[in-house]
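Here is the structure we will look at, set down as structure tokens.
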Amino acid sequence: MAHRSSHKPQPPLPFLLGEAEDEREEESTDPDGGKQAPLPGPVSLAGSRLGNYRLVSRLGQGGMSEVWMADALSGTRAGKTLALKRLLPVLRADPATAERFRAEARLGALLDHPNLAGGYALQETASELIIARELVPGETLGQLAVAARRAGERLSVAATLHAVQGLLAGLAYLHAGGGPGRFGPTLHGDVNPENVVAGPEGALKLIDLGIAAPLGVDGAAAGDGALRGTAAYMAPEQVKGRALTVRADLFSAGIVLWELLANRPLFAAQSEFETLRRVREMPAPPLRAVWREAPTVLERLCVRALAKEPEHRFASAAEMAEALHQAALREGIAAGPEALAAAVKRHAPHAVHGDLTP
């Protein structure tokens, strides 16, 4: 059973108010036809040439790939700095993994939405598979939340609502297939705070299409029996191996919303087994049980978003986004880019990220 986790497990959630919160090489072919020298180990790769790119610094590494900041050396992007996602050489020979990587590039190349990272391009050689894409400036929602907690603060409700509305707008575009004749309805499958980048001007972009899956005519994604995604942000039906619809992505978005408002993890535990058990069985605590000042309208919204049964959740990303908009109006919350920009400036003024969940 395959599984990919985007970040280390957090300590168990303190459910009661007042409890202390515990923070917790391969040979590459030159595009001109010559052979490049075998690449050194990961630590010393900076400065090396990889295909049409020169590696600058590594932004992240996971079980399947690593992500670099890189300078384009030739072509229409020559002179630009991009995010370069490199399939780990040990996996290059696995046909299924390589094809998923290519599918990510094909889908990314068709995206045209302000809340999704774009500019995907695939480069393939005998030994390397590389995806180049837009380098997104800013910081992930996960890291912003951690930085705020370490400072004894929380992200503002206005910043949180704007961020989640942007996330939902990107999901609505994916779920609709980008419009008629573009790429077909698609499930993201790995919505979590490390896959959402907040920019310095308050822009919000959803990244990482590594396990995105097409939705069939029945509105469900066909699975292969493997468990993929980030354990603490999966939907219950995902953990149970059932067919997934857009409501799985909306459950994950609901976890992101709850955690940013509550300022603490929801389902994450010390072990993956316990995390998955919580996702499958544990009801989300009422928002006001962990944050006394939570507006009732947001507490009710979270209850619906985090319903264990898919049919009890919001039916679409657009419906959930509208509910957030109405909640902001009712509470007089100015949920706009200015609020999110202020959060980035305060908690991550110098951060620059590409796709940070390899």
Side-chain angles (χ1 to χ4, degrees), residues 1-7 25-111 117-136 183 189-190 194-195 207-214 224 226-230 352-358:
M1 178 171 70
H3 172 69
R4 176 169 68 88
S5 181
S6 297
H7 54 280
E25 276 23 71
E26 296 283 314
E27 184 178 307
S28 179
T29 305
D30 189 291
D32 297 325
K35 293 285 185 180
Q36 294 176 236
L39 289 166
V43 175
S44 57
L45 273 175
S48 300
R49 180 167 177 170
L50 187 60
N52 293 337
Y53 310 93
R54 190 169 306 281
L55 304 180
V56 177
S57 61
R58 188 164 61 175
L59 298 175
Q61 179 168 343
M64 293 179 59
S65 61
E66 59 184 4
V67 179
W68 287 78
M69 185 186 298
D71 294 329
L73 301 176
S74 60
T76 58
R77 298 179 174 187
K80 293 184 178 180
T81 302
L82 307 167
L84 205 67
K85 189 170 184 177
R86 177 198 186 206
L87 184 67
L88 295 178
V90 70
L91 299 175
R92 176 66 178 86
D94 178 57
T97 301
E99 182 51 35
R100 283 198 299 272
F101 200 78
R102 296 186 190 99
E104 178 181 358
R106 289 193 296 269
L107 174 59
L110 298 174
L111 301 181
Y120 284 66
L122 178 70
Q123 184 171 356
E124 183 169 0
T125 72
S127 58
E128 296 283 355
L129 270 177
I130 308 162
I131 296 173
R133 51 157 284 268
E134 171 190 9
L135 182 69
V136 181
F183 53 82
D190 196 14
E194 300 304 328
N195 280 342
I207 61 174
D208 192 2
L209 301 169
I211 62 171
D224 59 4
L227 183 64
R228 299 188 180 93
T230 304
V352 175
H353 286 288
D355 185 333
L356 295 186
T357 51

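Everything quoted here is computed from the prediction, not taken from an experiment.
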Distance-only, no hydrogens or angles: does the Arg54 side chain make a donor-acceptor pair with backbone N or O of Ser48 under 3.5 Å?
-> no

Short N-O contact, Glu128 and Arg92, less than 4.0 angstrom | no

Charged N to carboxylate O under 4.0 angstrom, Lys85 versus Glu66?
-> no

Leu111 vs Leu209 side-chain heavy atoms within contact, under 4.5 Å | yes

Show your reasoning for whether side chain to side chain contact (heavy atoms under 4.5 Å, CB included) applies to Phe183 and Leu107.
-> CA-CA 7 Å; Phe183 53 82; Leu107 174 59; 3.5 Å; yes

Closest heavy-atom contact between Tyr120 and Ala105?
-> CB-O, 3.8 Å

Answer yes or no: is there a donor N or O on one side and an acceptor on the other, between the side chain of Asp71 and the main chain of Val56, under 3.5 Å?
-> no

Are Glu99 and Arg106 close enough for a salt bridge, meaning some N to O gap below 4.0 Å?
-> yes

Any ion pair linking Lys80 and Glu134 (charged N to carboxylate O, less than 4.0 Å)?
-> no

Any idea which heavy atoms bring Tyr53 and Ala70 closest together, and the distance?
-> CB-CB, 4.1 Å

So do the side chains of Gln123 and Leu84 get within less than 4.5 Å of each other, counting heavy atoms only?
-> no

Take Arg86 and Val67 through the test side chain to side chain contact (heavy atoms under 4.5 Å, CB included) and record every step on the way to the result.
-> CA-CA 6 Å; Arg86 177 198 186 206; Val67 179; over 6 Å; no

Do the non-hydrogen side-chain atoms of Asp208 and Glu104 ever get within less than 4.5 Å of each other?
-> yes

Check: Met69 and Leu135 side chains under 4.5 Å, non-hydrogen atoms = yes

Just wondering, do Met64 and Thr97 contact through their side chains at under 4.5 Å, heavy atoms?
-> yes

Check whether any side-chain heavy atom of Arg100 sits under 4.5 Å from a side-chain heavy atom of Ile211, and report yes or no.
-> no

Do Arg49 and Leu73 have side-chain heavy atoms sitting under 4.5 Å apart?
-> yes

In this structure, which one of Asp94, Ile131, Leu129, Ile130 forms a side chain to side chain contact (heavy atoms under 4.5 Å, CB included) with Leu87?
-> Leu129

How far apart are the closest heavy atoms of Ala132 and Leu82, and which atoms are they?
-> CB-CD1, 4.1 Å

